[in-house]
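Since the structure comes first, as structure tokens, the remarks are kept for the end.
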Amino acid sequence: MNAKKIRLIIEKEFDEIMKNKLVLGTMLFLPLMFAVVLPVAMLMPAIVSPGDLSANDTARMIGQLPGASDMSGPEAYIIFMVKAILPLFMMLPAILPTIISSYSIVGEKKNRTLEPLLATPVAVEDIMIGMALASLIPAVAATWVAGAIFAVLVWLLTHNIVHRILVPDLTWLVSLVVLSPLLAFLGVMLTVIISSRVNDPRTAQQFSVILIIPIFAVLMAQMFGLMMINELVVLAICAVLVIADVAVVKIGSDLFDREEILTRWK
């Protein structure tokens, strides 16, 4: 692994990203959607008409929330929703980098810049890691910014009801600082591998949706009160992701064949 060569690949990929208006637009729109629009919509019932929410009304939904029986209806609803929204911020670092990385190798081919890149004396691992980091860094940064916006928004909208800071807590911090980069790297590497085997960026994006399905399932399970994510669950997921990230780099290096990519795309 050569850090200097990886840095040069990252810089080249950043230049390509800045020229792609679709990718830039997505990088702006999705974080705002996840940090502002969806959370506000979910919190509005307790903010606009808290008197309509009683403990009995929310009991079934928040059955997994510790201490819910000692809270008022609006307070329990808000705390539950803030915890339930967490999987949305797990989706964000899984979605954003795949949109960028799906254009990595396919985009290089369409722009006629793949051949010179593969002809350089750069190890396959360096090419893949460089492309992955070029997608991961802006995506994780966007996720952290979205998390900060969400934390401020939750405080402004709910402090008169719950009278304490809800975000970030330990679960949110571990999820944003540790889990998000690990998940983003896994998604990026899978997409880079897929994009190296196909000719259309949209095909790579469709395959990457598979990574979002289990996160969406967790979101739905929380919304229906079947489970609640805590720091132990997040740490366990992080441990699994570390193993998966190491494995996918190895698999990707084995599948990434310079000659096959070039000859098959003639």
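For the numbers below, each heavy atom of this structure counts, side chains included, while hydrogens, waters and symmetry mates do not.
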Is there a path from I85 to M220 through hydrophobic residues (I, L, V, M, F, W, Y) whose side chains come within less than 4.5 Å of each other? yes

Please report the closest heavy-atom contact between W172 and V82, naming both atoms and the distance. CZ2-O, 3.3 Å

Between V234 and C238, is a side-chain contact (heavy atoms from CB on, under 4.5 Å) present by the stated rule, with each step listed? CA-CA 6 Å; V234 173; C238 289; 4.2 Å; yes

Side-chain donor-acceptor contacts of residues 153-163 below 3.5 Å, not counting sequence neighbours, with atom names and distances?
from, atom 1, to, atom 2, distance (Å)
T158, OG1, V154, O, 2.5
H159, ND1, W155, O, 2.7
H163, ND1, H159, O, 3.3
H163, NE2, N160, O, 3.2

Would you indicate whether L235, at its atom CG, is surrounded by more than 12 heavy atoms from other residues, nucleotides or ligands within a distance under 6.0 Å? yes

Note: L86 and S175 closest approach over all heavy atoms is CD2-OG, 3.5 Å

Could you check if a side-chain atom of I95 sits within less than 4.5 angstrom of a side-chain atom of F34, using non-hydrogen atoms only? yes

Co-membership, hydrophobic cluster, residues I165 and V40, 4.5 Å side-chain: no

Shortest non-hydrogen contact from V167 to A151? O-CB, 3.5 Å

Give the minimum heavy-atom separation between M90 and L183, together with the two atoms involved. O-CD2, 3.1 Å

Drop me the distance from L166's CG to M81's CE, to the nearest 0.5 angstrom. 13.5 Å

What residues join L28 in its hydrophobic cluster, counting side-chain heavy atom gaps under 4.5 Å, either direct or through other members? L32

Which residue pairs pass the salt bridge (charged side-chain N to carboxylate O under 4.0 Å, His left out) test with at least one member in residues 141-156, sequence neighbours excluded? none

Aromatic rings F89 and F150: how do their planes relate, parallel, tilted or perpendicular, breaks at 30° and 60°? tilted

In one Ile/Leu/Val/Met/Phe/Trp/Tyr side-chain cluster, 4.5 Å: L176, I137: yes

Give the cluster check for L170 versus V178: same hydrophobic cluster or not, with ILVMFWY residues linked at side-chain heavy-atom distances below 4.5 Å. yes

Look at the side-chain heavy atoms of Ile, Leu, Val, Met, Phe, Trp and Tyr, link any pair under 4.5 Å apart, and say whether L232 and V177 land in one connected group. no

Heavy-atom closest pair (P181 atom, L136 atom, distance to 0.1 Å) is O-CD1, 3.5 Å

Do L179 and V174 touch side chain to side chain, with heavy atoms closer than 4.5 Å? no

For L43 and I78, the nearest pair of non-hydrogen atoms, with its separation, is CD2-O, 4.1 Å

Residue pairs involving residues 29-43 (criterion salt bridge (charged side-chain N to carboxylate O under 4.0 Å, His left out); sequence neighbours excluded): none

According to the salt bridge (charged side-chain N to carboxylate O under 4.0 Å, His left out) rule, which pairs have a member within residues 148-177, sequence neighbours left out? K83-D169

Can you tell me how far the CG atom of L30 sits from the CE atom of M33, to the nearest 0.5 Å? 7.5 Å

Quick one: side chain to side chain contact (heavy atoms under 4.5 Å, CB included) partners of P31, sequence neighbours excluded? L92, L96, A142, A146

